[in-house]
Amino acid sequence: MKQVIIALFCLCPFMGFSQATKDSVNAVELNELVVSARRFAQPKIKMTQQIETLSKKQIEFQNFQTSADALANSGTLAVQKSQQGGGSPIIRGFESSRILLLVDGIRMNNLIYRAGHLQNIITVDKNMLENIDVLFGPSSTVYGSDAIGGAIFLQTKNARLLDENDNKKFSGNVLSSYSTVNEGKSGHFDFNYAGNRWASLTSFSYNEFGDLRMGKNKNGNNAFFGERPFYVVTNNGVDTQVANTNKYIQKFSGYTQYDFMQKVVFKQNESTKHQLNIQYSTTSDIPRYDRLTDTNAAGKLRSSVWNYGPQDRFLSAYKLVKKDIFGSTTLNLNASYQRVEESRITRSFGSANQTSRIEKVNVYALTSDFKTKIGNGDLVYGADFYYDDLQSKGIRKNILTDAESVTDSRYPDGKNNTLRAEAFAYFNNDITDLTTFNTSFRGGFTQLNSETDTNFFKLPYTTVKQENFTYSGAVGIVHNPSKNVKLVFNLASAFRVPNIDDLAKIFESVPGRVIVPNQNIKPEQSVTADMGITFWEGKRFQLENTFFYTRLYDAIVTSPYTLNGQNSLVYEGQLSQIYANQNQGKGEIVGLSTSLKWYLFPKLLLYGNFNYTNGRVENNSGRFPLDHIAPTYGKVGLSYEADKWMVDAYVLYNGKKRLKDYSPSGEDNLQYAPANGMPSWETYNLKGAHKLINNLTLFSGIENLLDIQYRTFASGINAGGRNYYLGGKYSF
């Protein structure tokens with residue numbers, strides 16, 4: 001308690017609500033907010049799809065360590081973690097390959113995005129972001145496959161040209177922060193050169209995170225769980241299980257990360273602009289923390305090593321913006337190349353053999369958008385082309401002799417590729433001054449090829465081929481019956497085409513359960529109905545409510561399976577039950593979300609949100625919970641902002657996940673939850689910022705004020721305990 005009082009005292013200089021004046025009134029800008037997540041900018045008030053935005057200002061102020069943490073603490077969606085260096089967003093009960101990640105409008109999803117849990121979002125540096133737009137609900141007509149649950153649009157900062165409002169040629173920012181909960185150290189700089197026709201932006205970030213300390217205090221009446229009593233030490237090739245001198249330190253959860261971005265803009269004339277966008281992100285090995293805590297039947301740790309190898313993401317993209325072609329038509333043309341490398345490095349306790357399974361992915365893309373006026377309406381249309389290829393290999397190394405040999409790979413070790421070619425059209429128009437409608441459609445063709453060269457498991461086939469015609473559509477209407485009410489209805493379909501990970505992987509999903517290929521999977525399809533009602537009063541008050549119902553057809557579910565007539569096989573030296581991804585019946589998801597923004601006084605904002613989701617799947621065996629369905633969650637807070645400082649006090653909360661609501665597929669990681677299911681929790685947080693001089697801003701705060709021990713749904717690592725942080729930003 002003494003530490004809490006000291007920390008609160010340190011934040012006292014930021015407080016002073018009585019200083020509010022009417023000179024700088026903050027406001028709920030519903031009418032003026034413009035979003036770019038649907039390929040072209042559009043006023044939010046005319047959009048049928050639910051969208052939440054995290055601005056650059058919010059991301060900087062909150063001082064979170066990764067992009068995943070920024071989303072997790074927004075209260076608008078849930079995020080799962082299997083390790084500190086991760087974060088898998090969940091939107092409306094869909095996760096991983098069922099939601100779409102985009103950076104600067106370019107798909108990050110590729111042919112090995114899995115249906116379990118992904119950490120790829122952390123490869124987009126939060127310091128590079130201009131904003132994050134979260135699109136809730138089907139987005140396939142805009143972006144294609146995978147966007148069943150929604151899409152996360154990560155927009156990075158752009159190089160700035162000289163203009164009449166800002167004639168500074170050289171500008172930039174330097175940011176630094178330190179966090180006590182993991183001895184986290186972060187540094188960032190960006191530098192912009194602005195000319196009349198040329199502009200350049202260079203950005204670099206370094207992050208070093210130590211082992212994460214969990215909370216020490218009991219969460220209500222719930223028992224302690226997730227503590228780290230033992231870990232493995234290896235000396236001269238000999239493994240020893242040793243006691244952890246501080247059971248609250250989650251040993252081997254730390255990692256480092258480097259991020260680089262370079263953008264160049266050339267304004268050829270008033271109607272033509274060119275942009276080059278280069279991004280690179282890499283990490284150290286990232287320990288898969290939950291696997292390092294797995295024990296065998298004797299209660300001993302199973303693994304000495306379980307790491308994700310360095311996660312490399314390279315992007316090179318060219319963008320052309322051309323206005324006034326074919327009359328008033330605007331063209332956006334994007335050509336991009338991405339290279340992604342990831343690996344899994346494992347070694348069982350006491351074994352001399354260490355296995356590395358390495359994946360190298362190349363993604364080539366060409367996308368085009370055209371926007372034109374038709375009467376009073378806007379027509380957006382275009383085409384997308386994507387080609388992905390994969391090289392997968394497995395290497396076994398004896399750590400005592402350094403001898404290497406070939407072993408089974410995660411994916412087929414021959415040629416693997418996918419091709420997507422699709423066209424789309426989107427049209428919106430005002431029916432009356434009070435009513436707007438939109439409609440959209442996408443259709444296309446996908447092809448998948450996969451070949452196995454080394455058949456370690458004697459699969460009944462060595463080649464997998466699939467061809468699918470894809471389609472989706474949407475229609476929506478917005479009606480404003482009065483100046484204080486907005487009504488929305490949206491009906492949309494979406495699809496997800498099976499990728500290499502769905503069809504062809506061989507992998508131990510949980511101890512004693514191995515997933516094998518199944519070439520007979522069909523695409524998933526969904527239909528979602530949304531109904532929304534928003535109330536607002538001027539620029540002071542906004543209450544937004546969205547109700548949704550999703551019907552999922554040919555749902556891909558991980559279930560027991562047989563291979564060559566057998567229901568089990570020996571994998572990594574252990575007899576494991578065989579599972580495979582399969583289309584199983586129909587699923588349904590219902591839910592609602594509510595968000596509130598209310599300026600109680602000109603500078604004092606009361607805000608909050610609440611999210612509820614329920615999902616089930618039905619097949620010949622019965623009716624079961626769907627995986628990835630987070631319990632109720634949200635955020636409530638008070639924020640006060642003046643000219644030179646800001647204070648934010650908020651509560652994050654999660655409901656309980658009962659045992660009977662866990663999916664039998666294993667994707668919800670029941671083995672990493674307490675015996676009675678995942679308990680409810682809430683954390684109390686206090687943050688402040690103060691502008692010392694025109695160019696220097698200091699940030700400080702406390703997270704998890706009460707040092708509660710808790711874990712987010714489906715995660716394999718406890719969340720951080722009480723965290724004090726201090727940061728600064730200098731702009732020039």
Side-chain angles (χ1 to χ4, degrees), residues 35 37 49-55 58-59 62 64 66-82 86-103 108-109 113 115-122 124 126 129 131-139 143 146-155 494 528 530 532 544-548 550 589-596 607-615 626-637 650-655 657 667-668 678 681-683 711-715 719:
V35 294
Q49 188 169 14
Q50 180 191 358
I51 290 183
E52 295 291 341
T53 298
L54 284 174
S55 67
Q58 292 172 303
I59 295 169
Q62 294 291 343
F64 295 120
T66 68
S67 300
D69 292 336
L71 289 170
N73 287 269
S74 69
T76 59
L77 45 71
V79 174
Q80 182 275 351
K81 281 193 174 186
S82 297
S88 188
I90 304 170
I91 303 177
R92 291 188 176 180
F94 293 104
E95 186 181 353
S96 302
S97 59
R98 289 181 177 132
I99 64 173
L100 185 63
L101 301 181
L102 303 111
V103 57
M108 294 177 64
N109 294 43
Y113 263 44
H117 312 291
L118 290 171
Q119 65 272 9
N120 300 67
I121 196 169
I122 73 168
V124 180
K126 55 103 177 177
L129 291 172
N131 59 267
I132 304 175
D133 287 329
V134 181
L135 286 74
F136 293 83
S139 304
Y143 290 114
D146 301 356
I148 290 181
I152 298 176
F153 189 100
L154 302 130
Q155 178 62 54
T528 297
D530 296 82
E544 184 176 6
N545 305 276
T546 303
F547 309 87
F548 66 89
T550 296
I589 300 176
V590 297
L592 66 91
S593 64
T594 297
S595 67
L596 169 71
Y607 65 91
N609 46 52
F610 171 82
N611 303 273
Y612 167 80
T613 314
N614 187 294
L626 266 174
D627 46 17
H628 309 297
I629 305 296
T632 56
Y633 65 92
K635 180 179 182 179
V636 178
Y650 64 91
V651 178
L652 286 172
Y653 63 89
N654 263 235
K657 184 75 173 184
E667 295 289 5
D668 289 344
M678 193 66 73
W681 56 266
E682 68 272 344
T683 65
R711 180 175 290 190
T712 56
F713 163 67
S715 294

Taking C-beta and beyond as the side chain, do H628 and R98 meet within less than 4.5 Å on heavy atoms?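 Heavy-atom side-chain distance check passes, below 4.5 Å.
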With a 4.5 Å limit on heavy-atom distance, are the side chains of P631 and M678 in contact? no
Using only atom types and a distance under 3.5 Å, with no angle test, would you say the side chain of [X] pairs donor to acceptor with the backbone of [Y]?
{"X": "K635", "Y": "N73", "result": "yes"}
{"X": "T66", "Y": "F64", "result": "no"}
{"X": "Q80", "Y": "A714", "result": "yes"}
{"X": "H117", "Y": "D668", "result": "no"}

What residues form a side chain to side chain contact (heavy atoms under 4.5 Å, CB included) with [X], not counting sequence neighbours?
{"X": "F610", "answer": "L592, Y612, T632, Y653"}
{"X": "T550", "answer": "F94, S526, T528, F548, I589"}
{"X": "A78", "answer": "I90, A630, Y633"}
{"X": "T712", "answer": "W681, Y710, S715"}

Which distance, rounded to the nearest 0.5 Å, do you find between the [atom1] of [X] and the [atom2] of [Y]?
{"X": "T546", "Y": "E544", "atom1": "OG1", "atom2": "CD", "value": "5.0 Å"}
{"X": "L102", "Y": "N109", "atom1": "CG", "atom2": "CG", "value": "7.5 Å"}
{"X": "F136", "Y": "I51", "atom1": "CZ", "atom2": "CD1", "value": "9.5 Å"}
{"X": "L129", "Y": "S67", "atom1": "CG", "atom2": "OG", "value": "4.5 Å"}
{"X": "K126", "Y": "Q62", "atom1": "NZ", "atom2": "CD", "value": "10.5 Å"}
{"X": "L71", "Y": "I152", "atom1": "CG", "atom2": "CD1", "value": "5.0 Å"}

Nearest non-hydrogen partners of [X] and [Y], listed with the distance:
{"X": "N609", "Y": "G75", "result": "OD1-O, 2.8 Å"}
{"X": "A68", "Y": "G87", "result": "CB-CA, 3.7 Å"}
{"X": "G149", "Y": "I91", "result": "O-CG2, 3.3 Å"}
{"X": "G93", "Y": "T613", "result": "N-CG2, 4.1 Å"}
{"X": "S96", "Y": "S88", "result": "OG-OG, 3.5 Å"}

Audit row: M108, L154, side-chain contact (heavy atoms from CB on, under 4.5 Å) steps and yes/no: CA-CA 10 Å; M108 294 177 64; L154 302 130; 4.3 Å; yes
Between V79 and L77, does the side-chain contact (heavy atoms from CB on, under 4.5 Å) criterion hold? Intermediate values first, please. CA-CA 7 Å; V79 174; L77 45 71; 3.8 Å; yes
Any side-chain donor near an acceptor of the partner, [X] and [Y], under 3.5 Å:
{"X": "S55", "Y": "N131", "value": "no"}
{"X": "N545", "Y": "T594", "value": "yes"}
{"X": "E52", "Y": "S74", "value": "no"}

Run the side-chain contact (heavy atoms from CB on, under 4.5 Å) check on L100 and L135 step by step: do they pass? CA-CA 10 Å; L100 185 63; L135 286 74; over 6 Å; no
Using the rule given for side-chain contact (heavy atoms from CB on, under 4.5 Å), can you reason through K657 versus I629, listing the C-alpha separation, both sets of side-chain angles and the distance that settles it, and then say yes or no? CA-CA 9 Å; K657 184 75 173 184; I629 305 296; 3.8 Å; yes
Who pairs with K81 by salt bridge (Lys or Arg N to Asp or Glu O under 4.0 Å), at least two apart in sequence or on another chain?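 So K81 forms a salt bridge (Lys or Arg N to Asp or Glu O under 4.0 Å) with D69.
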Can you name the side chain to side chain donor-acceptor pair (under 3.5 Å) partners of T683, sequence neighbours left out?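 Partners of T683 by the side chain to side chain donor-acceptor pair (under 3.5 Å) criterion, ordered by chain and then number, come out as N685.
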